[in-house]
Structure formats: C-alpha cells, structure tokens
Amino acid sequence: MNLEIKYWQKKTSLIDWDKKPKTIFEKKNNNKFEWYGDGRLNVAFNCLENKQNNNKIAIYFIDKNYNVHSYTFKQLSILVDKFAYIIKKNIKTKKKSNIIIHSSASIESAVSMLACAKLGYPHSVIFENLSSKSVLLRIQLLKPSLIITRADKKQFKKDIVPALEEYKDKNLTIFSFSNHLIKYSKVFNISIKQLEKINSTKTLYNSFKSNHVLFTLFTSGSTGIPKGIIHSSGGYLLYSKYTCIKQFGMNENTTVLTASDAGWINGHTYALYGPLSIGATTVLIEKPIILLNQKFLIKIINELNISILYLPVTLIRMLKSISQKNILKTESLKTLGSMGEPLAPSVGKWYSNFFNLKNKAIINTYFQTETAGIISSPKYNQTSNDAPHGCVGKPVNRFIKVKLISSLDNNQSKNKIIKISNLWPGCMIDVLNGLEQWKNYWDDLGRFNLFDLAKYDLKKNINIHGRIDDVINIRGHRIGSEEIESIILKNPNIAESCAVPILDKLEGNRIIIFLVLKNKKLINFDQINKLIFNYFGSYALPKKIYILSELPKTRSGKILRRLLKQIIENPKKNDYGDMSTIINPNIIKEVKKALIVNE
Ligand code: AMP
C-alpha cells in the first residue's frame, strides 16, 4: 500500500462505519474509481443518530424575517426520523429514486436532506425561484419519485404547476412545506410544527455502500449549461468532515455560519454535512442578503456565539461597498472564510480589518461542485503573513497533487491551468447523463482539469485568476478576468467590477469593463485607465467602460461573464442560451441598453 492510500485509510476512523472498508481505492475504466468500495455506512447516522441524546444546538435557522429558530441534535434527530417515516409511507416507488428538494437554506431543507440520507434516497436540492422551464428540465433529468418544496401558493402556481402538468408522472408525490395550504392533486401539506406533533414509529436506518449516491447537484452554470454532479456517501462525508477540521479547525465547540444557499455545494458540505458530522453547531440563513444589516450581523455573531463566519465573495464586496470605516468587535469570531469567486486582495484586506482579524489568514476556499470540498485554502491557524489575503493558500494536504500547467498556446504566460494529478475521496463519482462530459474532465495523463487559471506567489501560495473561458488574450498576454477586476477594485469608489474580452482583429482581444459604483458616486474613467496602465501596461487598457446598477449573477453569487460576453457580441438578440441560474434577469435589459446607447 503506498503512502497516499495509507493516509486515506487512516482517515477512515473519522467516520462511523457499519462495515469498515478494507479496500481503500480502486481504479476502474474511463477514469472511474471507487473510494472505500466495500465499506458501509449511513450518512444521517453520522450526522445525527450518533449524537441523538445530545442537547446541544445542532442548527440555528435564521429565516428571512430575521427570526432565529434553534434545534438541538436530539430535536433534529427526532424531526428527521419523523419525516423519514412520512416519506416512506407516502412514496410510491420502492426503488431508491431521486428526491428533489426545492428550497433555499432552511430547517425544512436540512430535515429533508437528512431524511433522504437516512433512507438512502439520493437528493437533489434545486434553487428556489427557478423558472418553471428550469424546474421541468431538472425533473426530466432526475426522474424523481418525490418533490419536496417550500414554494408559497403564488410561486407553486407559477413555477411548479406548469412543470408538473408537462411532466405527468402518476407515481410522483409532492410534499409542501409552505406556510400556505397548497391545494393541488398529489400534494401533501406538512409543516415543521405539525411534524413535531406527529406520532410515528422509529424509522430504523439502513447502511449503504460507500459509493451509494448521496446527492446530485447542478453546477452554478456561470460558464455553460448546469451539469448534474453526482456524489458518493462514504468518500464525500469523509472528505467533508476532514476538510472542516483541517482547514477551518472545526470541533464540537464551533458555531459556523456558512452563508450559502442549500442548492449550492457549500450549502451541503460546509453548512450541513461537514459541521453536523463533527457535532458543531451550524447557522443556516434563508436570505444571506439580510447580513448586510450590520446591526443584525453583529447581534447574531454575539448572540449565537459564532466562531467561523464564511461568506460568499459577492456578499463581502457588497458589505464593503455600504460600510463606513468602523471595525466590528466581537468576542466569539475567530475565523473568516470566503467562497465562490476570486477574493481581490483589497477586498480581503477590508474584510479582515472590518472584523478585527487583520493578522489572521482568511480561509479563502477554492473548490467546485465537482470536488465536493476544498482543494486549496489557507488554514485556520495561519497568519496573513503566511497566506496573504486573496490567495487560496496551499493544497489541503501533500496527497492532493495540484499542478499548474502551462497552456500549449503560450508557455511564457505566468497564468497556468490548474489540474490535479491524483484522486481524493470527495471527488464526484459521475455526471448525470453525461459520459462525454465526464470524459472531458480528464486529460490524456488522467489528470483532473478544474478549468481555472492560477499562479503561485513567492511563498508557493496559489492565486486563482478566473475561468479558462474568461481568459483575455491581448497580443499574446494572457490575463485572467480576476487580475483586471482586482486592480480596478483598488479604487475605493468602485463596488464591483467585471472584465470581459471581445474579439479584435489586430490585438486578439480587447477588454470591456463593467462597473458598479459605491454609493452611486461618479468616477472619472481616467482613474481606472491609470490603475490598469500602471499595473499591466498600455496593451491592457479597456476599449470601453460601462456603469451598471448591478452585475448579472448566478444564484450562488458568481458573475455571469459568459452572458456579458454574449450580449456584447449581439446586443439585439433575445435569447442568450441557458439562463436558469441567473438571479437578476432584469439586468439583461439594462446591459443591452447601455451597449446600444453607447454604440
Ligand atoms: P461551482 O462549482 O459551479 O460553484 O463553481 C466553481 C468555480 O468557482 C471554480 O471552478 C472557480 O472558477 C470558482 N471559485 C470557487 N471558489 C473560488 C475561490 N476561492 N477563488 C477563485 N475562484 C473560485
């Protein structure tokens, strides 16, 4: 057994197995593989049942009206047990088919996910507010036996009913957790309060093979059509727990607020499965945007004793843009994390100053839906000197062999393509209906391609500079979108920025910049040009700069650069392909108008 396999064998002790695995790793055809293949476990047992007599808080749920609801491990375990009982009683198929959970982060999504895990039904959490067309597409792909939704009456009628009428499956059952009574055939109305009162027999858990599917999750779709990424039970849970401990330093005394939607990978790994399996307290937040209310933010950090605050970069930028120069002093907060997008050093610096943690590293977590958990980030016990704000630190351990590889068309470029030359237990196990897509992830040498650009700093920390699709190539200089954007963000009057390439006959590409201004204060574009000129040189000067009220974003807060690029190329078009995950579709009109007016 080589050192790497021995290492991951040792880590099996992190998990409660019903049958401890003897086979640690097996490679199959088509770059497929199995971690802990002969091991058996139940994920819900690991998150709840082994702590079922624990009166410690497992979940604080902050609803959109700022109310905080708390659930101990014992209460949560009972709720999950009862919901599992109801699922079992009402589901019409015996097969362990998919269950769709249509909800933002909430106590209902957590109970549903854990009940599915307990029964061994793979779940797929889809974003609330997806259009009926996008809901239908996901139903057609997943062929679920059950849909669980928190949609209210209006939303149910608008987004779910048309999808159900089109899909027409006799065996499909629907559970509604809405506050309204939904009257529609096959809908079973239930609430958490009713669930608490239900008399049910204990639902015993079964154990499942390590590679049993725990969930399918669609990617954010910032660069293309969202893909359904499939994750295992054993490898996934082990890697979630392991990275919570190793990167964030989580333990039973931790309270973590991971401000992620349930339909995003962070909402699975670092808001639910990871923290609960450790016995930590997790704070779920229905609408992360309410954290922009600083009085409320400081109040919940203090009252809930939050020790780890883990925010999407987009929310950090918004907080920065509305904040005055004050510093929030809290007793409990020890660690800051950031997720989802590159963290510009100026924004990172502000974030750590604002929370009075300026000498500590920010756990800027680099990962994807496909990787399940962190591939590279600073660690909780590092300083900002070891891992400067903005970098994603070093790979989680020496067995995650991250390689930065020169692209063929430009060996000189400092920006490299980031790949991983071996496998880790959290790696996805399949892509929904997508063997061809699966094959795309691996190169001829069997290395996993993350499709991002990266560079090392002098201390060998990694800096991510955006997606390969967003690379800007001017006269042979390859610049990541993030590099330009983070330089622009040095201007204190700019809240958000986005750099997009357009084709140019002479130069290859030219840059178009979109800006969102802080406090709507007008700026002189010469200031932006000067920043870019000083850092890159004249070749990178933008062809045009546009001001927008906001940038188009996905529901997980990622800037939709692909959409901006498409609108620039054809501002008069009506259809820009799959827009299922855009959160602010109205912005499309504004971008088109800005481009046409300034043509
Ligand atoms: P998704 O899996 O769809 O949520 O998106 C994953 C992508 O988000 C990655 O491939 C990166 O492009 C980007 N990303 C995630 N975390 C970071 C980070 N810490 N820094 C820079 N980019 C990130």
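The shown structure was predicted, so the numbers you read here are calculated from the model rather than taken from an experiment. The figures that follow rest on heavy atoms only: side chains count, while hydrogens, waters and symmetry mates do not. We count ligands from 1, going down the list as the structure has it; atoms in each ligand are counted the same way.
In terms of protein heavy-atom proximity, atom 16 (N) of ligand 1 is closest to Thr365 O, 3.4 Å. Shortest contact from atom 3 (O) of ligand 1 to any protein heavy atom: Ser220 OG, 2.8 Å. Of the protein's non-hydrogen atoms, the one nearest atom 21 (C) of ligand 1 is Pro342 N, 3.2 Å. Among all non-hydrogen protein atoms, the one lying nearest atom 14 (N) of ligand 1 is Gly340 O, 3.3 Å.
In this view, Ser377 and Gln247 satisfy the side chain to side chain donor-acceptor pair (under 3.5 Å) rule, not counting sequence neighbours. The ring pair (Phe, Tyr, Trp, His ring centres under 6.0 Å) test applied to Phe448 returns Trp424, Tyr441, Trp442, not counting sequence neighbours.
Both the backbone and the side chain of Thr369 come within contact range of ligand 1, each with a heavy atom under 4.0 Å. Counting heavy atoms closer than 4.0 Å to ligand 1, residue Phe367 contributes backbone atoms (N, CA, C, O) but none from C-beta onward. At a heavy-atom cutoff of 4.0 Å, ligand 1 is contacted by the backbone of Glu341 but not by its side chain. At a heavy-atom distance under 4.0 Å, no atom of Val313 approaches ligand 1.
Side-chain contact check for Ser323 and Gln294: at least one donor-acceptor pair (N or O, by modelled atom type) lies under 3.5 Å. Looking only at atom types and distance, the side chain of Lys394 has no donor-acceptor partner in the side chain of Ser376 under 3.5 Å away. Between the side chains of Arg467 and Ser481, no donor-acceptor pair is found at a separation under 3.5 Å. In the model, Thr365 has a side-chain atom that pairs as donor or acceptor with a side-chain atom of Tyr310 under 3.5 Å. Counting only N and O atoms by type, the side chains of Ser112 and Ser109 include no donor and acceptor under 3.5 Å apart. Thr269 and Tyr236 are linked by a side-chain donor-acceptor pair at a separation below 3.5 angstrom, with hydrogens and angles left out of the test.
Residue contact check for ligand 1: Glu482 places no non-hydrogen atom closer than 4.0 Å to it. Using 4.0 Å as the threshold, Arg467 has a heavy atom nearer than that to some atom of ligand 1. Using a 4.0 Å cutoff on heavy atoms, Ile265 does not count as a contact of ligand 1.
If you number the atoms of ligand 1 from 1 as listed, the ones under 4.0 Å from a heavy atom of Trp264 come out as 4 (O). Those atoms of ligand 1 with a heavy atom of Ile464 less than 4.0 angstrom away are 21 (C), 22 (N).
Using a distance-only test at 3.5 Å, with no hydrogens or angles considered, a donor-acceptor pair links the side chain of Ser260 to the main chain of Gly267.
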(Q) Under the criterion side-chain contact (heavy atoms from CB on, under 4.5 Å), I'd like the reasoning laid out for Ile101 against Cys116: C-alpha separation, chi angles, the key distance, then a yes or no. (A) CA-CA 10 Å; Ile101 302 170; Cys116 290; 4.3 Å; yes
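Considering backbone and side-chain N/O of Asp452, one or more are found under 3.5 Å from N/O of ligand 1. Looking at ligand 1, you'll find an N or O of Asn364 within less than 3.5 Å of one of its N or O atoms. Backbone and side-chain nitrogen or oxygen atoms of Ser338 are examined, and none is located within less than 3.5 angstrom of a nitrogen or oxygen of ligand 1.
When the options Glu370, Lys558, Gln368 are ranked by their closest heavy atom to atom 5 (O) of ligand 1, first place goes to Lys558.
Using a 4.5 Å heavy-atom threshold, the side chains of Lys379 and Ile363 count as separate.
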